[in-house]
Amino acid sequence: MNAMFATKISMLQHVCVVPLARATRHRSFTVSASATTTVTPSRNLTVSSPTSSARAPHVDPRVLLGMSEHDLQQLAVEFGQQSYRGKQLHHLIYKRKEKEIQDFSHLPQAFRNDLIKAGWKIGRSPIYHTVTAADGTVKLLLKLEDNRLIETVGIPVEDEKGSMRLTACVSSQVGCPLRCSFCATGKGGYSRNLQRHEIIEQVLAIEDIFKHRVTNVVFMGMGEPMLNLKSVLDAHQCLNKDVQIGQRMITISTVGVPNTIKKLASHKLQSTLAVSLHAPNQKLREMIVPSAKSYPLDAIMKDCRDYFAETSRRVSFEYALLAGVNDSVEQARELAELLHEWGHGYHVNLIPFNPIEGSEYRRPNKKTVSAFAGALESRKITVSIRQTRGLDASAACGQLRNNFQKSPLIIESDREESQSDVAVAC
């Protein structure tokens, strides 16, 4: 990649269409627009000790995807173009969903050449593998520039009138460091956070596959969104303002990372916060979600109560039903008591466990699921049961990626980096 960049700089110096100093200014401009920071877990949070180089994303400052119309207009002017060329760039990226700058047929060839020579790219990744389930759910593996694979899922639902709601379930990290006991993603290892454009491109890829506009986005794919909150919020803003998906059609999910719910509340988004609870008490939750040891249930519930007070947005609780573990009527009653203790208006989304290879957990039967839901409803808790989709497409989070890439570190430079990190740790 360094050799390629050196070649482009050499071409730039020879052609002299865009002076080298101007290309440098472009780079610094975009770093300020798209730089990504991470929200790190507290010191006691149980995670899989990712290295500092893996924790921070590989920031490439010359990516167009994720830039606002204003930023694109400013970029066009930096290249000696009129500002309306930035509006054209915006249309080509977000409406036409072009994948290569050379395909920007509405732009002058000279401008396209200048962008390419200065090292700019759109930031779209190729689809590595696709699986389509009988119910129409499609799971994609996108191959990122560093050869890592991430999952995204498109879930179509057609209503009685024939119109379709298309939900994109997007990843926020390559793998996940939290290692919830029932989740396939944690079993596949953790590599790094995703950049802003790597989150946004998942939605555009789903739209490409379905030839249909994505109506809903849920941050429920691979990774913990709150451990990559800056990139998630940047992507959220782009999806809302540029891709034009309403904030209320976007859900951000978390298993719970200390101090981040408060941080999210300060942004006063109109999107839904979904907290993955999975247990009605602290002891059981620690067994299912190891990171719960550093973020007690009472602390989470207080933060959720404060989140509602700050945003007036109802918090939704995700509850994965695991047969014989957390699915009894008694546990449903305990969950209802917990929710009533900390407020009102909460919603519980029950998720019958999606079986994954090598897991000791089982999926509860329909009668058990119905009894659990009934016990909550009888105590005036609003409940929904998530319809299981894509069982024949490895739909559980992280499943398909694990089939192709158990370890995210697959290229030689990564192996060398990993070995060096181990040596330092020892």
Side-chain angles (χ1 to χ4, degrees), residues 30 33-34 36 63-76 83-101 103-107 121-125 127 138 140 142 150 152-159 161-172 194-221 225 228-253 264 267-274 311-313 316:
T30 313
S34 62
T36 303
V63 174
L64 298 173
L65 185 61
M67 294 177 70
S68 68
E69 184 174 302
H70 174 76
D71 289 340
L72 291 168
Q73 286 178 310
Q74 186 177 340
L75 180 67
S83 63
Y84 77 87
R85 294 297 186 193
K87 289 187 176 183
Q88 289 180 316
L89 277 172
H90 190 270
H91 179 80
L92 290 162
I93 294 166
Y94 298 109
K95 301 300 182 186
R96 293 178 63 91
K97 304 183 195 57
E98 300 288 2
K99 298 181 178 67
E100 301 291 341
I101 290 176
D103 295 331
F104 286 174
S105 57
H106 290 64
L107 297 182
K121 57 191 174 185
I122 295 177
R124 296 289 301 274
S125 301
I127 294 175
V138 176
L140 309 178
L142 296 181
I150 57 168
T152 186
V153 183
I155 307 168
V157 177
E158 192 170 306
D159 64 21
K161 298 180 180 179
S163 60
M164 185 169 75
R165 182 177 80 246
L166 179 58
T167 299
C169 179
V170 300
S171 298
S172 55
L194 293 181
Q195 297 178 65
R196 171 180 65 178
H197 74 274
E198 292 171 327
I199 297 173
I200 300 163
E201 69 167 326
Q202 297 175 58
V203 175
L204 301 187
I206 293 296
E207 291 189 340
D208 286 343
I209 289 291
F210 282 88
K211 308 299 181 191
H212 192 282
R213 172 179 166 75
V214 165
T215 57
N216 299 69
V217 175
V218 293
F219 284 83
M220 295 182 181
N228 189 18
L229 188 54
K230 179 62 166 62
S231 288
V232 166
L233 288 173
D234 286 348
H236 179 284
Q237 180 175 346
C238 179
L239 291 171
N240 176 227
K241 300 294 186 182
D242 303 295
V243 184
Q244 296 190 327
I245 297 172
Q247 285 199 24
R248 290 179 180 244
M249 300 296 106
I250 300 175
T251 297
I252 299 175
S253 176
L264 183 65
H267 292 271
K268 292 183 169 56
L269 302 180
Q270 288 301 297
S271 297
T272 298
L273 171 65
T311 65
S312 300
R313 294 289 296 164
S316 177

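These numbers were taken from a predicted model, which means no experiment stands behind them.
In this structure, the side chain to side chain donor-acceptor pair (under 3.5 Å) partners of Glu207, at least two apart in sequence or on a different chain, are Lys97. Not a single salt bridge (Lys or Arg N to Asp or Glu O under 4.0 Å) links Arg313 to another residue, sequence neighbours left out. For Lys95, the side chain to side chain donor-acceptor pair (under 3.5 Å) test picks out Gln244, with sequence neighbours left out. The side chain to side chain donor-acceptor pair (under 3.5 Å) search around Asp103 returns none, not counting sequence neighbours. A search for salt bridge (Lys or Arg N to Asp or Glu O under 4.0 Å) contacts involving Lys268 returns Glu310, not counting sequence neighbours. Considering only residues two or more places apart in sequence or on other chains, Thr251 meets the side-chain contact (heavy atoms from CB on, under 4.5 Å) condition with Val218, Met220, Thr272, Ala274. Every side chain to side chain donor-acceptor pair (under 3.5 Å) that Ser163 has, sequence neighbours left out, goes to Asp159. The ring pair (Phe, Tyr, Trp, His ring centres under 6.0 Å) test applied to Phe104 returns no partner, not counting sequence neighbours. For Thr152, the side-chain contact (heavy atoms from CB on, under 4.5 Å) test picks out Leu140, Val170, Gln202, Ile206, with sequence neighbours left out. Arg165 pairs by the salt bridge (Lys or Arg N to Asp or Glu O under 4.0 Å) definition with nothing, not counting sequence neighbours.
Val232 has its side chain within reach of Ile199: a pair of non-hydrogen atoms, C-beta onward, lies under 4.5 Å apart. The shortest side-chain heavy-atom distance between Leu64 and Ile101 falls under the 4.5 Å cut-off. Using a 4.5 Å cut-off on side-chain heavy atoms (C-beta onward), His197 and Met67 make no contact. His106 is listed as a side-chain neighbour of Arg96, based on a closest heavy-atom distance under 4.5 Å. Side-chain atoms of Gln270 and Asn240, non-hydrogen and from C-beta on, never get closer than 4.5 Å to each other. Using a 4.5 Å heavy-atom threshold, the side chains of Val203 and Ile245 count as touching. Using a 4.5 Å cut-off on side-chain heavy atoms (C-beta onward), Ile127 and Ile209 make contact.
Smallest separation of non-hydrogen atoms from Cys169 and Gly221: SG-N, 3.5 Å. Contact between Phe219 and Ser253 at its shortest, heavy atoms only, is O-CB, 3.3 Å.
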Inset, instruction - Determine, step by step, whether Met164 and Val157 satisfy the side chain to side chain contact (heavy atoms under 4.5 Å, CB included) criterion, reporting the C-alpha distance in whole Å, the side-chain angles of both residues, the deciding distance to 0.1 Å, and the verdict. - result: CA-CA 6 Å; Met164 185 169 75; Val157 177; 5.9 Å; no
Inset, instruction - Determine, step by step, whether Leu269 and Ile250 satisfy the side chain to side chain contact (heavy atoms under 4.5 Å, CB included) criterion, reporting the C-alpha distance in whole Å, the side-chain angles of both residues, the deciding distance to 0.1 Å, and the verdict. - result: CA-CA 10 Å; Leu269 302 180; Ile250 300 175; over 6 Å; no
Inset, instruction - Could you please spell out the steps behind the side chain to side chain contact (heavy atoms under 4.5 Å, CB included) verdict for Leu239 and Val214? - result: CA-CA 10 Å; Leu239 291 171; Val214 165; over 6 Å; no
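The distance from atom CD of Glu198 to atom OG of Ser172, rounded to the nearest 0.5 Å, is 11.5 Å. The CD1 atom of Ile200 sits 3.5 Å away from the SG atom of Cys238 when rounded to the nearest 0.5 Å. From Lys230, atom NZ reaches atom CG of Leu233 across 8.0 Å, with rounding to the nearest 0.5 Å. If you take OG on Ser83 and CD on Gln74, they are separated by 11.0 Å, rounding to the nearest 0.5 Å. With rounding to the nearest 0.5 angstrom, the CG atom of Leu65 is 8.5 Å from the CD1 atom of Ile122. Here the NE2 atom belonging to His90 is positioned 13.0 Å from the CG atom belonging to Leu75, to the nearest 0.5 angstrom.
In this structure, the side chain of Asp234 does not engage the main chain of Gly66 through any donor-acceptor pair within 3.5 Å. Between the side chain of Thr215 and the backbone N or O of Leu166 there is at least one donor-acceptor pair closer than 3.5 Å.
Between the side chains of Glu201 and Ser125, at least one donor N or O sits under 3.5 Å from an acceptor N or O.
Applying the salt bridge (charged side-chain N to carboxylate O under 4.0 Å, His left out) test to pairs two or more places apart or on separate chains, none has a residue in residues 240-249.
A 6.0 Å sphere centred on CD of Gln237 holds no more than 12 heavy atoms belonging to other residues, nucleotides or ligands. Within a 6.0 Å sphere centred on CD of Glu100, other residues, nucleotides and ligands contribute 12 heavy atoms or fewer.
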